[in-house]
Amino acid sequence: MKKRGIVAVIVLLLIGLDQLVKNYVVQQIPLGEVRSWIPNLVSLTYLQNRGAAFSMLQDQQWFFAVITLVVMVGAIWYLHKHMEDSLWLIFGLTLIIAGGLGNFIDRMSQGFVVDMFHLDFINFAIFNVADSYLTVGVIILLIAMLKEEVNGNKN
């Protein structure tokens, strides 16, 4: 299977995992209830996030849809153009695309994003699997780009 096909399968599997976890939470946890999952570390809750990160810009779903589509098209184009570059660059973009599409599916199908992970040891925003993909993907992408910049300046 070509690299593009493998990346597409990975994106679909990651989106599937995100949607599976969200569906489980919606079916098993009443809205707003908190349940211990890993004691003193992570609890599960069911929250309907109608905004962006940290619940900013509440109820602006069409704005988020347009922004998500623009970012996803850009990320997919960039991935397509750089498919032969660093594996880390490809991995970061793959996570970003999967995370963006996972939350986009929620916004378009429900009008909100399902969030569920609550960190018990710190006062932090409640987030979901797709948010984790996005965060890790951006970090990996930044590191890959910085590494390319450093290596490029050595020539």
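Note that the structure is a prediction, hence the values are computed from the model and not measured.
Taken from CE in Met145 to CG in Leu142, the straight-line distance is 7.5 Å, to the nearest 0.5 Å. Atoms OH and NZ, from Tyr78 and Lys81 in turn, are 12.0 Å apart once rounded to the nearest 0.5 Å.
Hydrophobic clustering keeps Ile122 apart from Val34 (ILVMFWY residues linked when any side-chain heavy atoms are closer than 4.5 Å, directly or through intermediates). No chain of hydrophobic side-chain contacts below 4.5 Å, direct or via other Ile, Leu, Val, Met, Phe, Trp or Tyr residues, connects Tyr24 to Leu20. Each of Leu141 and Leu146 belongs to its own hydrophobic cluster when Ile, Leu, Val, Met, Phe, Trp and Tyr are linked at side-chain heavy-atom distances under 4.5 angstrom. Both Ile38 and Leu44 belong to a single network of hydrophobic side chains, linked directly or stepwise wherever heavy atoms of I, L, V, M, F, W or Y lie under 4.5 Å apart.
Side-chain contact between Arg50 and Gln48 is present, with heavy atoms from C-beta onward closer than 4.5 Å. Taking the side chain as every heavy atom from C-beta outward, Arg35 and Ile29 approach each other to under 4.5 Å. Contact annotation: the side chain of Ile15 approaches that of Val11 to within less than 4.5 Å [non-hydrogen atoms, C-beta and beyond]. Put simply, the side chain of Trp88 does not reach to within 4.5 Å of the side chain of Ile143, judged on heavy atoms. Inter-residue side-chain proximity for Leu17 and Leu13 is flagged as unmet; no heavy-atom pair is nearer than 4.5 Å.
Counting only residues at least two apart or in different chains, ring pair (Phe, Tyr, Trp, His ring centres under 6.0 Å) contacts with residues 27-49 comprise Trp37-Phe117.
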For residues 90-104, tabulate all N or O donor-acceptor pairs below 3.5 Å that involve a side-chain atom, not counting sequence neighbours.
| from | atom 1 | to | atom 2 | distance (Å) |
| --- | --- | --- | --- | --- |
| Thr94 | OG1 | Ile90 | O | 2.7 |
| Asn103 | OD1 | Lys22 | NZ | 3.0 |
| Asn103 | OD1 | Asn128 | ND2 | 3.1 |
| Asn103 | ND2 | Asp131 | OD1 | 2.8 |

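Considering all non-hydrogen atoms of both residues, Ser36 and Ser43 come closest at CA-OG, 3.9 Å. Pairing each heavy atom of Leu119 with each of Phe124, the nearest pair is CD1-CD2, 4.0 Å. Residues His82 and Leu89 approach most closely at CB-CD2, 3.6 Å, considering heavy atoms. Looking at every heavy atom in both residues, Glu84 comes nearest to Lys3 through OE1-NZ, 3.7 Å. The two atoms that bring Gln110 and Val114 nearest to each other are NE2-CG2, 3.8 Å, heavy atoms only.
Between the side chains of Gln19 and Asp106, a donor-acceptor pair is found at a separation under 3.5 Å. When only modelled atom types and interatomic distance are considered, Asn40 and Asp120 share no side-chain donor-acceptor pair under 3.5 Å.
Arg107 places no side-chain N or O within donor-acceptor distance of the main-chain N or O of Thr68, the cut-off being under 3.5 Å. Side-chain atoms of Asn49 never come within 3.5 Å of backbone atoms of Asp115 as a donor-acceptor pair (strictly under, hydrogens ignored).
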Q: Kindly determine whether Thr45 and Glu33 satisfy side-chain contact (heavy atoms from CB on, under 4.5 Å), including the steps that lead there.
A: CA-CA 5 Å; Thr45 189; Glu33 183 176 308; 5.6 Å; no

